[in-house]
Amino acid sequence: MKIVIVGGVAGGATAAARIRRLDEKAEIVIFERTGFISYANCGLPYFIGDVINDPDDLTLQSPAGFFRRFRINAKIHHEVVAINPDSKTLTVKNLESGELFEESYDKLVLSPGAKPVIPKLSEAARDKVFTLRTVEDTFKIKEYVNSNHPSTAILAGGGFISLELAENLKALGINVTVVQNENQLMNPFDPEMAAFIHNELRRQGVNIVFGHAVEEIKGHENGVDVALSGECILHADMAALAIGVTPDTALAKDAGLQLGLKGSIVVNDRMETSVPDIYAVGDAVQVKNFVTGEDDLIALAGPANKQGRIAADNICGIDSRCSGSQGSSVLKIFDLTAATTGISEKKARSLGYETDSVVLSPMSHASYYPGGMVMTMKVVFEKNTYKPLGAQIIGYDGVDKRIDVLATAIRAGMKATELKDLDLAYAPPYSSAKDPVNMAGFMIDNVASGVMKQWHIEDADKLPRDGSVTLLDTRTVGEYQRGHIEGFYNIPVDELRERLDEVDPGKPVYVICQSGLRSYISCRILEGNGYTAYNFAGGFRFYQAVMNDRALIKRATACGMDN
């Protein structure tokens, strides 16, 4: 059997190696149009910032190494320009010699990946405007930085690549501005959670311009002029484009394969396309979202690797199925770690889910052990069923551990209330006896049982200030004086029982504290004395961070920078 794979990296290279492990006799050929068959594309920004110093560390496997280990014929600088399903052949171009030739296959695996979205560029801008998808892209940026010593850079887009590149360019002493069409960075996060990402970038001196699309980039002797929607123009020495990616599926379209979202390749759960004996994997394919069951595009390395293995299994006669992707991801943003799994509350509501969520601010490990740091967690679940829909965590130490536990709980089909029952490892340097994931479960269980009623940040401006409800801040006097929400008055939690006569029993009470714990205790005191009380999800720390961010975003949408 002869298997030809178009494209290497995560999906294609994984499929090739798995096929060889299952079938020692198969003939396996990979065509890759770049000069690298398998590379660490997630590590590319860190080479630019000198975190990774040896360019060889970016290459996971060379063609020669692939052949020695697996007897796989990997041909770099070869571009497949046509698929001929009727004859089961490919038309291939040798990019070094220009030669065109035909290659036959019994089974074909497509792993073409995705291509960056590029706005209008003047010819003079092309040597100062970069994308970051391949090793060659990385070397171009690194060479430009080393040769020209730019002092300013504009990054278009607010996703993973853009923020990782922002950190690494900043580490080289370059003044960085991120331009984002929407009013938040990192769309997998809810806006209020993204506020913590924005704040870290600002703290590190990165400028952010919200609410403007990059429409055109013109080059000149001294750099580039980036024209934004709203007739704004920004100037910089260089620019990098990370506006987004689209599936690179022109080959598939020309071959008559069924296409789906944004021109992606439609596959079944065996990674088979609509044409017999042709499989597809990676960023170019439409997948099922594990949480919603809906068609989705999830361009991440983890799912691509799994899809490559599934395609290989089925080619070799093993019935292997893709159960969907849930978008689990983690990102380093300077000192901060941001992680997510499943879907955001914003997306869930757009799909028609009735949602609720808990927001908490636990320590990364036992508070009495040195070095613990606060993280902010949001767990989203469906009302009534308590099906967990997603989670987002932003903090420092221990974020990746908790998001992986929550991702596993979603995959296992647990109810959100069952998070309280997870038996998780504990020692003071690593966690608390009540792990943050358990704490989220306790809170959700309290919601489910009616022990805790909540109000959320979107309710803050809607709360009446006409005296029909009681607005209560239960922090200390000093905390309250340093800042509070307009209309809230202060009774510290430890004084509440003695001062209940100050709280009208005929009115609902909306309570807030710094993190949500003291206000929850206050709510239990009030409920135990016949009041109806609602606890704020997240606490004043959360509220203040989000409100400050929203004020700065308003300023940044006027084509100003929010630093």
Side-chain angles (χ1 to χ4, degrees), residues 190-193 195-196 199 345-346 349 354-362 374 376-380 383 439-440 442-444 446-554:
D190 281 310
E192 66 271 19
M193 295 296 288
F196 292 89
N199 291 338
E345 191 162 27
K346 175 179 65 175
R349 288 176 176 174
E354 285 193 60
T355 65
D356 201 352
S357 61
V358 294
V359 179
L360 59 157
S361 301
V374 172
T376 303
M377 294 177 61
K378 179 177 182 179
V379 180
V380 182
K383 283 185 178 179
M439 289 302 302
F442 294 144
M443 293 171 67
I444 296 168
N446 282 338
V447 172
S449 64
V451 169
M452 181 171 72
K453 294 183 279 291
Q454 298 189 104
W455 64 284
H456 295 275
I457 197 160
E458 62 264 28
D459 303 318
D461 293 335
K462 303 173 190 173
L463 291 177
R465 266 67 173 183
D466 59 2
S468 59
V469 301
T470 299
L471 307 178
L472 183 62
D473 188 320
T474 60
R475 295 175 297 157
T476 65
V477 173
E479 288 173 311
Y480 178 81
Q481 289 176 343
R482 285 192 290 272
H484 57 270
I485 304 175
E486 182 183 355
F488 279 72
Y489 78 99
N490 181 225
I491 301 178
V493 60
D494 293 336
E495 301 175 15
L496 182 57
R497 288 183 180 89
E498 287 70 39
R499 296 174 61 181
L500 282 175
D501 59 341
E502 299 178 33
V503 185
D504 189 334
K507 299 175 183 178
V509 187
Y510 290 83
V511 191
I512 192 170
C513 72
Q514 189 69 10
S515 68
L517 175 58
R518 286 173 288 175
S519 52
Y520 167 63
I521 294 169
S522 300
C523 285
R524 296 312 306 147
I525 293 170
L526 290 164
E527 292 272 352
N529 284 278
Y531 294 79
T532 299
Y534 298 85
N535 187 34
F536 178 68
F540 186 77
R541 167 187 168 271
F542 178 73
Y543 173 87
Q544 190 174 44
V546 175
M547 290 299 116
N548 288 345
D549 178 59
R550 289 179 181 176
L552 289 168
I553 287 173
K554 276 188 180 179

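Computed from a prediction, not measured in an experiment: that's the story for all the values here.
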**Student:** Measuring only between side-chain heavy atoms, which start at C-beta, is Leu496 closer than 4.5 Å to Ile521?
**Tutor:**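 With C-beta onward as the side chain, the pair stays apart.
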**Student:** Counting only heavy atoms not in Asp461, do more than 12 sit closer than 6.0 Å to its CG atom?
**Tutor:**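 For Asp461, atom CG is not crowded (no more than 12 foreign heavy atoms under 6.0 Å).
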**Student:** Are there over 12 heavy-atom neighbours, none belonging to Arg349, within less than 6.0 Å of that residue's CZ?
**Tutor:**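 Yes.
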**Student:** Say whether, by atom type as modelled, one donor and one acceptor occur between the side chain of Lys453 and the main chain of Thr532 under 3.5 angstrom.
**Tutor:**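 Checking the backbone N and O of Thr532 against the side chain of Lys453, no donor-acceptor pair under 3.5 Å is found.
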**Student:** Heavy-atom distance under 4.5 Å between the side chains of Ile485 and Leu471, does that happen here?
**Tutor:**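 The answer is no; the side chains never approach within 4.5 Å.
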**Student:** Nearest 0.5 angstrom please: Lys378 NZ to Asp190 CG, how far?
**Tutor:**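 Answer for the NZ-CG pair, Lys378 versus Asp190, is 3.5 Å.
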**Student:** Between the main-chain N or O of Ser357 and the side-chain N or O of Gln454, is there a donor-acceptor pair closer than 3.5 Å?
**Tutor:**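 Between the backbone of Ser357 and the side chain of Gln454 there is a qualifying donor-acceptor contact (under 3.5 Å).
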**Student:** For a side chain to side chain donor-acceptor pair (under 3.5 Å) check, start with the C-alpha distance between Tyr520 and Asn446, then their side-chain angles and the critical distance, and finish with the verdict.
**Tutor:** CA-CA 10 Å; Tyr520 167 63; Asn446 282 338; 3.2 Å; yes
**Student:** Could you grab the distance from atom NZ of Lys462 to atom NE2 of His456, nearest 0.5 Å is fine?
**Tutor:**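 So the NZ of Lys462 and the NE2 of His456 are separated by 11.0 Å.
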**Student:** Identify the two heavy atoms, one from Tyr534 and one from Pro508, that lie closest to each other, and give their separation to 0.1 Å.
**Tutor:**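 Of all heavy-atom pairs spanning Tyr534 and Pro508, the closest is CE1-CB, 4.0 Å.
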**Student:** Under a 4.0 Å threshold between the charged nitrogen and the carboxylate oxygen, would Arg465 count as salt-bridged to Glu486?
**Tutor:**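 Not counted as a salt bridge, because no side-chain N and carboxylate O are separated by less than 4.0 Å.
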**Student:** Please give me the minimum heavy-atom distance between Gly538 and Ser361, naming the atom from each residue.
**Tutor:**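 Result for this residue pair: O-OG, 4.1 Å.
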**Student:** Could you label the plane-to-plane angle of the Trp455 and Tyr510 rings as parallel, tilted or perpendicular, counting under 30° as parallel and over 60° as perpendicular?
**Tutor:**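 If you compare the ring of Trp455 with that of Tyr510, the planes turn out perpendicular.
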**Student:** Side chains of Thr474 and Arg518: is there a donor and an acceptor less than 3.5 Å apart?
**Tutor:**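 On atom types as modelled, these side chains do not qualify, holding no pair under 3.5 Å.
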**Student:** Can you confirm whether more than 12 heavy atoms, excluding those of Glu458, are under 6.0 Å from its CD atom?
**Tutor:**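 Count over threshold, so yes.
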**Student:** Taking Tyr480 for the side chain and Pro492 for the main chain, is one N or O donor matched with an acceptor at less than 3.5 Å?
**Tutor:**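 No, because the side chain of Tyr480 does not come within donor-acceptor range (under 3.5 Å) of the backbone of Pro492.
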**Student:** Gln514 vs Thr476, test: side-chain contact (heavy atoms from CB on, under 4.5 Å). Steps then yes/no.
**Tutor:** CA-CA 9 Å; Gln514 189 69 10; Thr476 65; over 6 Å; no
**Student:** Nearest heavy-atom pair of Met377 and Pro362: which atoms, and what distance?
**Tutor:**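 Taking every non-hydrogen atom into account, SD-CG, 3.8 Å.
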**Student:** Roughly how far apart are Phe542 CZ and Leu360 CG, rounded to 0.5 Å?
**Tutor:**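 Those atoms lie 10.5 Å apart.
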**Student:** Is there a donor-acceptor pair closer than 3.5 Å between any side-chain N or O of Tyr531 and the backbone N or O of Val503?
**Tutor:**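 Between the backbone of Val503 and the side chain of Tyr531 there is a qualifying donor-acceptor contact (under 3.5 Å).
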**Student:** Any idea which heavy atoms bring Val469 and Pro464 closest together, and the distance?
**Tutor:**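 Scanning both residues completely, I find the closest heavy atoms to be CG2-O, 3.6 Å.
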**Student:** Within the structure provided, determine whether Leu526 and Leu500 are in side-chain contact (heavy-atom separation under 4.5 Å).
**Tutor:**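 Yes. Closest side-chain heavy atoms under 4.5 Å.
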**Student:** Check the pair Val358, Phe442 against side-chain contact (heavy atoms from CB on, under 4.5 Å), reporting the backbone distance first and the verdict last.
**Tutor:** CA-CA 10 Å; Val358 294; Phe442 294 144; over 6 Å; no
**Student:** Check for a donor-acceptor pair, side chain of Asn199 on one end and backbone N or O of Ala195 on the other, with a separation under 3.5 Å.
**Tutor:**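 Confirmed, Asn199 side chain pairs with Ala195 backbone.
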**Student:** Using a 3.5 Å distance criterion without hydrogens, assess whether the side chain of Asp473 forms a donor-acceptor pair with backbone atoms of Asn490.
**Tutor:**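 No, because the side chain of Asp473 does not come within donor-acceptor range (under 3.5 Å) of the backbone of Asn490.
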**Student:** Could you tell me the separation between the CZ atom of Arg475 and the OG atom of Ser515, rounded to the nearest 0.5 Å?
**Tutor:**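 The CZ atom of Arg475 sits 10.5 Å away from the OG atom of Ser515.
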**Student:** Assess the residue pair Val379 and Met443 against the criterion (side-chain contact (heavy atoms from CB on, under 4.5 Å)); give the C-alpha distance rounded to whole Å, side-chain angles, the decisive distance to 0.1 Å, and a yes or no.
**Tutor:** CA-CA 10 Å; Val379 180; Met443 293 171 67; over 6 Å; no
**Student:** Any heavy-atom pair between the side chains of Val359 and Phe536 that's under 4.5 Å?
**Tutor:**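 Contact flag for Phe536/Val359 side chains = no.
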**Student:** What distance separates Glu192 CD from Lys346 NZ, expressed to the nearest 0.5 Å?
**Tutor:**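 Going from CD on Glu192 over to NZ on Lys346, the span is 9.5 Å.
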**Student:** Just verifying a value: how many Å separate Asn535 CG and Glu527 CD, rounded to the nearest 0.5 Å?
**Tutor:**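 Asn535 atom CG to Glu527 atom CD measures 10.5 Å (nearest 0.5 Å).
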**Student:** Closest approach of Asp494 and Glu498, non-hydrogen atoms and distance?
**Tutor:**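 Closest approach of Asp494 to Glu498: O-OE1, 3.7 Å.
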